[in-house]
Amino acid sequence: MDYNFREVEKRWQEAWKEQKVYHVEEDESKPKFYVLDMFPYPSGAGLHVGHPLGYIASDIYARFKRQKGFNVLHPMGYDAFGLPAEQYAIQTGQHPAITTRQNIARYREQLDKIGFSFDWDRQVITADPKYYKWTQWVFIQLFNSYYCNKCDKARPISELVESFAKQGTQGLDAACTKPLSFTADEWNAMSEKEQQTTLLNYRLAYIADTWVNWCPKLGTVLANDEVVNGVSERGGYPVERKLMKQWILRVSAYAERLLKGLETLEWSDSIKEIQRNWIGRSEGAFIRFKIENNENTLDIFTTRPDTIFGVSFMVMCPEHALIEQITTPEQKAEVDKYVYWARNRSETERQTDVKKVSGVFTGAYAINPFTNERIPIWIAEYVLAGYGTGGIMAVPAHDSRDYAFAKHFNLPIREVIGGGDISKEAFETKDGTCVNSGFITGMSVKEGGKAIIEKVKEMGIGYGTVNYRLRDAIFSRQRYWGEPFPIYYKDGVPYALPEDKLPLLLPEVDKYLPTETGEPPLARAASWKTEDGCPYECSTMPGFAGSSGYYLRYMDPHNDEEFVSQKKNQYWQQVDLYVGGSEHATGHLIYSRFWNKFLFDLGLVCKDEPYAKLINQGMIQGRTNFVYRIVNTNQFVSLNLKDQYEVTPIRVDVNIVHNDVLDIEAFKQWRPEFNHAEFILEDGKYVCGWEIEKMSKSKYNVQNPDDLVEKYGADTLRLYEMFLGPIELSKPWDTNGIEGVFRFMRKFWRLYFDANGNFRVMDDEPTRDEYKILHKTIKKVEDDNERFSFNTTVSAFMIAVNELSELKCAKRKILEPMVVLISAYAPHVAEELWHLLGHSDFVVDATFPQFEASYLVENEAKYPVSFNGKTRLQKVFPANMAPKEIEAAVLADPDVQKYLDGKTPKKVIIVPKKIINIVM
RNA sequence: GCCUUGGUGGUGGAAUUGGUAGACACGAGGGACUUAAAAUCCCUUGAUCAUUACGAUCGUGCGGGUUCAAGUCCCGCCCGAGGUACCA
């Protein structure tokens, strides 16, 4: 019987489905293991060979763990809300739900062909009302919570209301948009509307006017991580800054815990580092500067309080609220002009002009609290609204940005940290000594900073504090295809919908565009209001809403009463292994951790981190092939002859190139303009050039997994994707090697059949050599699986099969465990052989073979003999021979003596079973 | 600029704690079988020199160092990839 992968794969895929082989239930008798792949967005293009890389790796691990006795949860679903489906809907009028359904069907079909062990009964789809009911529910919990800094966790907003009624803001320490201060009487005297507005200052999901990344082309705002290099991540459209009322999640309240939590995670250093930078913790001081002839104060955050004696000007961001109040009449015209200009600049313009200095003087002066000096207050773009207080004290001598500004506007530069040379550039060290600095002169930077903090505290104008770069996440999108907010407005104030009204279904609209008045698409829905006539929120939630807590829903996907039951959450705990791309480092992987920590605070989940171990699979790059057309002709010249001509490289479809040799007939058919192409060949072939690029349709280098499955089978594809190299590394996809893996698959199959195609496995006792091959392989596979080194496991299989073929081994005691070993990688062929071996259960439930070290014990050890570290020859000695004896034997050996050349060695190093080194 | 990675044959890569560098594949060359092709099998394949049998020298981005021994550890560079970028 030949290796007929089409028949084998079809048979077992059907059997697995029918018998629900991969269905999993909670089972207290077994330890659990949770393996999760990052949620895919089902795009219209379908899967390319890069997508399954991570899925194959996690599938191998899931199957391996199951064979090692774990109860493995390995689910899959779809992150189905999102921009592409909606953009398509705008263009065609087709409802995004339809497109999404089609795309999901296509994904499913492609995934099914690869033979994954997903439990599809647990599938979740974010766009399904049964699912987004719980996204909305979590949002309501966020809305109804605030962050208590004292107990360092989220608490019900009702507790805050009670406390305000009793003691106002006295003793309050809560995360907030801006610090407020009022008494119980003042609170109690507030109207309902005023109270609700006040509470928004504390809620973990709140609405506020904020500067946002507005993308006019997409008609929506974007989160910081959705803007890349000043343009939208999806589509690459320009992004502007705009002041808008938006729903926001108070992620910043969790900054410290998000940072600390990283220490407990088994994630790569690079991802942890990216998150640390994104959170951006910095210690410093908050200091209030008086403003001359003005009631207000200019508040600043600085990490260098030690340099306060060197302040020579102050800078506010162009968005600063105080600008109008402090600008002098003489400066007003100029300030207005600058502020207008700066505020309306796009992100792209801002980023490209980073080096250009711009700014304007307000005419106002602040007072240095230590020197009582008048300090001019400027406005400049280099100070950002979103960080700290939006104002700084500028110390040009010791900050390069302030330095550039001072030089440009001719402001004084005063040295306050000794030891540097400030004539050319700022001296930014943190290990200097304070000079010209009043009472801190002579102190180190560290001591000086501490002393200033003490002093400002005493003076009541500041305190030491910590600032984070991490900002609150903007949570509204002015789009149709997302979760509706469970929010309605009464008297202009937002209220949460009662939980029993969930899910709030996405309404039908006539068009997926904003209204004529610029409102989001949901405003088109005729009855988008409560029974009492209160209007619902018109924006929808962003992509990360549905993906932030999805791993919890997999634990209990059909529960309509609870988000996840305590019992099931207790059983599955958290994701043990999470596999996905590193591009989610600053988006999903932060939001998801935030979401989980919040649910943890509420006592809904038992772990405060969602993903214990994370593996980032590398990208699969495309390998583009080129042909070379001689300029102004229709002649194409082969790679190694092209330098003799002036040529234009042209990308050619990789599917008509084999091992870099062009299929000339297929090329002529490929596009009409090549019908009559002529070729200059080398050795009778047309050889193409190649380059590594991103895999994309426009570069004609896309490899579709379906085609490869069709040609070689899923098992070969799975093995080959793993064989390509370490899972975390990015690597080019090159089908040249897949033939070798396919050959291996057939060779493996042939171990079980004789020349006439009859199953030939017999029950004879294996030889010691045969056992040795098996146990060497068991050990290698087990160790490599545990460290996610799947490429070396594939090599180990190849070696074992080569060796067993050599021995013509057909013994059940060897070949049966081999089936189990390989089954995680090539489940279909393993299943077929497993049943041919007489089993009626499924190979995924077989027990992973037990490694017996005794089979690997050697009586002899082969020693490489080296002279001064250079290996010259090999000698075999009994494994238990003492080093002393080996030394004597080796020195007496005639071959060795030839190299000794009559000299006496200075030293002989013998590492048992490893190496002999003779030092001369 | 800063942070994180990585650099090994023509190609993908292996070498897990410092112990025979190049496993396993691809590609290439040669051969067997075959009317032929496919499939399969065998040999060679890091470079240079030598080839009569033994071989010899060099070699893991570059320059140093530690060590009996370095792809692996340390110091200083060079190059690539990813992240981040006025974050006070």
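Quick note on labels: first sequence line is chain A, next is B, and so on, each numbered from 1.
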Base, backbone or nothing for each nucleotide of nucleotides 23-30 of chain B, written B, S, -, heavy atoms under 4.0 angstrom, 5' to 3'?
BBSSS---
Between K914(A) and D784(A), which has a closest nucleotide on RNA chain B that is more 5'?
D784(A)
If you look at every strand shown and take non-hydrogen atoms under 4.0 Å, does K780(A) touch a base, only sugar-phosphate, or nothing?
base
Taking protein heavy atoms under 4.0 Å as touching, what does nucleotides 49-56 of chain B look like 5' to 3' if B marks base contact, S marks sugar-phosphate-only contact and - marks none?
-------S
Separation of atom CG in N277(A) from atom C1' in G82(B), rounded to whole Å
13 Å
Could you check whether R750(A) gets within reach of a base, just the sugar-phosphate, or nothing at all, counting any heavy atom under 4.0 Å?
sugar-phosphate
Filtered N/O pairs between nucleotides 67-71 of chain B and protein, under 3.5 Å:
unit_1, atom_1, unit_2, atom_2, d
C68(B), O2', N917(A), ND2, 3.1
C68(B), O2, N917(A), ND2, 2.7

Dot-bracket for RNA chain B, 5' to 3', counting Watson-Crick or G-U wobble pairs under 3.5 Å, with [ ] for crossing pairs and | for inter-strand pairs?
(((((((..(((......[....)))((((((.......))))))((((.....))))..(((((..]....))))))))))))....
E786(A) atom CD, over 12 foreign heavy atoms within 6.0 Å
yes
Spacing of I915(A) atom CD1 relative to U17(B) atom P, expressed in whole Å:
17 Å
Quick one: does NZ or CZ of R469(A) land under 6.0 Å from the six-membered ring centre of W278(A), within 45 degrees of the ring axis?
yes
d(CZ, F788(A); P, U16(B)) in whole Å:
19 Å
Just call it for L384(A): base, sugar-phosphate, or nothing, with non-hydrogen atoms closer than 4.0 Å on any strand.
base
Would you classify G9(B) as syn or anti? Syn applies when the glycosidic angle is within 90° of 0.
syn
The complete set of salt bridge (Lys or Arg N to Asp or Glu O under 4.0 Å) pairs with one or both residues in residues 787-805 of chain A, sequence neighbours excluded, reads K776(A)-E803(A), D784(A)-R787(A)
Want to settle it: does S270(A) or F301(A) sit nearer the 5' end of RNA chain B, counting the closest nucleotide to each?
S270(A)
Measuring to OP1 and OP2 of A88(B), would you say a side-chain N or O of S282(A) lies under 4.0 angstrom away?
yes
Could you note down all residue pairs passing salt bridge (Lys or Arg N to Asp or Glu O under 4.0 Å) where residues 267-279 of chain A supplies at least one of them, sequence neighbours left out?
E273(A)-R276(A)
